[in-house]
Amino acid sequence: MPELPEVQTVVDNLNSLGIVGRCFTGAEVRWPKTVDGLSPGDFIQNIRGCTIRRILRRGKYIVMHLSQGKTLLIHLRMTGRLNWEPAAKAHNKHEHVILRVEGKGELRFQDTRKFGRITMTSSPETVLGKLGPEPLTRAFTADRFHRMLHSRSCAVKPLLLDQKFIAGLGNIYVDESLWKAGIHPLRLSSSLSETEVGRLHRAVRHVLKKGLRNLGTTLGSGEGNFYSVAGRRGRNADELYVFRRTGRDCPRCGMRIERIIVAQRSSHICPECQRQST
DNA sequence: AGTCTTGTTCGACT
DNA sequence: CAGTCGAACAAGAC
């Protein structure tokens, strides 16, 4: 499940591939729904001849600015992944969109569950502008976070998962952050004290940076899990505090980690460190 | 062989 | 309007 650290890892990989400055010479669309908004024919026609200008991340989107005023927005959703392969190599059955790059390589969008999307647009801000602040920027201060949380009145976990509220967090890093801050996922956002918000602010930034340093979280061994462009696994799974560690000991107090459902999503908590009050 | 799981978006409902 | 809930998407794991 690619979240901010995983998407950033992919973007960093793409930037070191040496494809910036090169152009797309063609494309193949084997699963039309992966391409958002355009027919496969239109998409192929549009991308052919476009030069890759810049590759960056916003929230969980891979943003690829192209020439001719176009931008590719790639969202990996749950099992999406980008592979960089020689054109000669046979494609596997989950590689749904093939982007040929000038030279000898191909960028292939692989996605077992087919939830991922590639959007070609001339106005990326229509999509990206709706996203909440980036948690790792300087503009995201504890004070601002406090005001954000107090402007809403709902459980803190679903709020942190809401990309319009804050961009880049998913189930893994939210559970890790809440544990680190000692806050129960069902706590009412507006009930969090300044101290608690301060802890949560630090925790969010801490777990994201740790994930980034470890080049992402890869759980299990199935191919739907996270792998970088070069096919490498992230190392962060070994350093998770609570996520998917139900029944094991809380690293802080030794109590058994529990799994509860919050907003139809599984949540991992330490019942001792994360007491529920509201 | 059927059920469950998974993240995100969207529509229906309170 | 604000917030909550369930469905839909698709395929693999069990």
Side-chain angles (χ1 to χ4, degrees), chain A residues 1-8 10 29-37 57-63 73-82 91-97 109-119 121 126-132 135 147-178 185-192 207-208 211 216-227 234 236-237 240 242-247 258-268 276 278:
Chain A
M1 294 145 263
E3 306 178 26
L4 187 154
E6 291 75 27
V7 178
Q8 185 64 55
V10 169
V29 178
R30 324 188 82 92
W31 185 262
K33 288 183 87 171
T34 300
V35 171
D36 213 17
R57 180 194 60 76
R58 174 75 173 98
K60 300 183 194 173
Y61 286 92
I62 296 162
V63 182
L73 297 177
I74 304 175
H75 200 298
L76 304 172
R77 287 284 190 99
M78 297 171 70
T79 58
R81 128 187 195 191
L82 286 170
H91 62 83
N92 73 45
K93 69 166 179 172
H94 296 301
E95 287 175 333
H96 305 309
V97 177
F109 186 80
Q110 169 180 330
D111 188 12
T112 344
R113 300 282 289 282
K114 297 178 174 169
F115 287 174
R117 292 291 179 264
I118 300 180
T119 313
T121 175
T126 321
V127 176
L128 304 179
K130 293 176 185 146
L131 297 174
R147 275 181 273 119
M148 285 164 61
L149 288 160
H150 279 252
S151 74
R152 300 283 295 270
S153 159
C154 57
V156 65
K157 171 153 178 177
L159 199 49
L160 295 177
L161 288 171
D162 182 352
Q163 301 300 302
K164 294 189 275 313
F165 182 76
I166 182 169
L169 294 173
N171 213 26
I172 300 174
Y173 295 98
V174 165
D175 277 7
E176 293 291 285
S177 300
L178 289 170
L186 283 174
R187 282 287 302 282
L188 205 60
S189 59
S190 51
S191 80
L192 296 171
V207 301
L208 289 176
T217 302
T218 304
L219 299 154
S221 52
E223 70 158 347
N225 291 297
F226 171 72
Y227 287 87
N236 202 53
L240 294 175
V242 289
F243 191 78
R244 293 252 189 104
R245 294 178 58 83
T246 313
E258 291 177 2
R259 176 174 172 272
I260 61 171
I261 302 294
V262 176
Q264 298 97 239
R265 309 287 306 283
S266 64
S267 302
H268 308 79
Q276 182 180 4
T278 351

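Note that these values count all heavy atoms, side chains included, but never hydrogens, waters or copies made by symmetry.
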**Message:** Evaluate Gln163(A) against Tyr61(A) for side chain to side chain donor-acceptor pair (under 3.5 Å), listing each step before the verdict.
**Reply:** CA-CA 11 Å; Gln163(A) 301 300 302; Tyr61(A) 286 92; over 6 Å; no
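- Put simply, the side chain of Asp175(A) never gets that close to the backbone of Phe243(A): no donor and acceptor are under 3.5 Å apart.
- Taking atom CG on Asp162(A) and atom C1' on dT8(B), their separation rounds to 10 Å, with Å as the unit.
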**Item:** Sequence-aligned protein contact record of nucleotides 9-14 of chain B, with B where the base is within under 4.0 Å of a protein heavy atom and S where only the sugar-phosphate is
**Value:** S-----
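- In this structure, Met1(A) and Leu219(A) have side chains that are in contact, with non-hydrogen atoms separated by less than 4.5 Å.
- When all heavy atoms of Phe226(A) and Thr218(A) are compared, the closest pair comes out as O-OG1, 2.8 Å.
- Among the atoms of the strands shown, base atoms are found under 4.0 Å from some heavy atom of Met78(A).
- As rounded to whole Å, 13 Å separates atom P of dG7(B) from atom OH of Tyr173(A).
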Under 3.5 Å, N/O pairs linking protein and nucleotides 3-6 of chain C:
from   : atom 1 : to        : atom 2 : distance (Å)
dG3(C) : OP1    : Ser153(A) : N      : 2.8
dG3(C) : OP2    : Arg152(A) : NE     : 2.8
dG6(C) : N7     : Gln264(A) : NE2    : 3.2

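- Listed candidates were dT8(B), dA10(C), dG7(B). Nearest to the side chain of Lys60(A) is dT8(B).
- Computed from coordinates, the Glu6(A) CD to dG7(B) P distance equals 12 Å when rounded to whole Å.
- DNA chain B forms stems at B:2-14 with C:2-14, each a run of 3 or more consecutive Watson-Crick or G-U wobble pairs whose two key distances fall under 3.5 Å.
- Scanning all heavy atoms of the two residues, the minimum distance from Arg152(A) to Ser189(A) falls at O-OG, 2.8 Å.
- The shortest heavy-atom contact between Lys60(A) and Val7(A) is O-CG2, 3.7 Å.
- Atom CG in Asp111(A) sits roughly 11 Å away from atom P in dA10(C) (whole-Å rounding).
- Within the nucleic acid shown, Arg244(A) comes within 4.0 Å of sugar-phosphate atoms alone, with no base atom in reach, counting heavy atoms only.
- Closest heavy-atom contact between Met78(A) and Pro2(A): O-CD, 3.4 Å.
- Contact between the side-chain N/O atoms of Lys33(A) and the OP1/OP2 oxygens of dC9(C) is not found at any separation under 4.0 Å.
- Here Phe115(A) packs flat against the base of dC9(C); its ring centre is closer than 5.5 angstrom to the base's six-membered ring, tilted by less than 30 degrees.
- Thr34(A) meets the side-chain contact (heavy atoms from CB on, under 4.5 Å) test with Trp31(A), His96(A), Val97(A), Phe109(A), Ile118(A); sequence neighbours excluded.
- Counting to the nearest Å, the P atom of dT8(B) and the CZ atom of Arg117(A) are 14 Å from each other.
- At a threshold of 4.0 angstrom between heavy atoms, the contacts of Asn171(A) are confined to the sugar-phosphate backbone, with no base atom among them.
- A donor-acceptor pair is defined here as one N or O able to donate and one able to accept, closer than 3.5 Å; such a pair exists between the side chain of Asp111(A) and the backbone of Gly116(A).
- In this structure, Asn225(A) places its CG atom 12 Å from P of dG7(B), rounding to the nearest Å.
- Remark: C1' of dT5(B) and CE of Met1(A) are 10 Å apart, rounded to the nearest angstrom.
- Pro135(A) meets the side-chain contact (heavy atoms from CB on, under 4.5 Å) test with Leu4(A), Phe140(A), Ile166(A), Val204(A), Leu208(A); sequence neighbours excluded.
- Between the C1' atom of dG7(B) and the CD atom of Glu3(A) lies a distance of 9 Å, rounded to the nearest Å.
- No donor-acceptor pair under 3.5 Å is formed between the side chain of His268(A) and the backbone N or O of Arg259(A).
- Of the residues Leu160(A), Val156(A), Leu159(A), the one that meets the side chain to side chain contact (heavy atoms under 4.5 Å, CB included) test with Val174(A) is Leu160(A).
- Proximity of Ser266(A) to Ile261(A): side-chain heavy atoms (C-beta onward) are separated by under 4.5 Å at one or more points.
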What does the list of N/O pairs under 3.5 Å between the protein and nucleotides 12-14 of chain C look like, with a distance for each?
from    : atom 1 : to       : atom 2 : distance (Å)
dG12(C) : OP1    : His94(A) : NE2    : 3.3

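- Under a 3.5 Å cut-off, the side chain of Arg57(A) and the backbone N or O of Gly59(A) do form a donor-acceptor pair.
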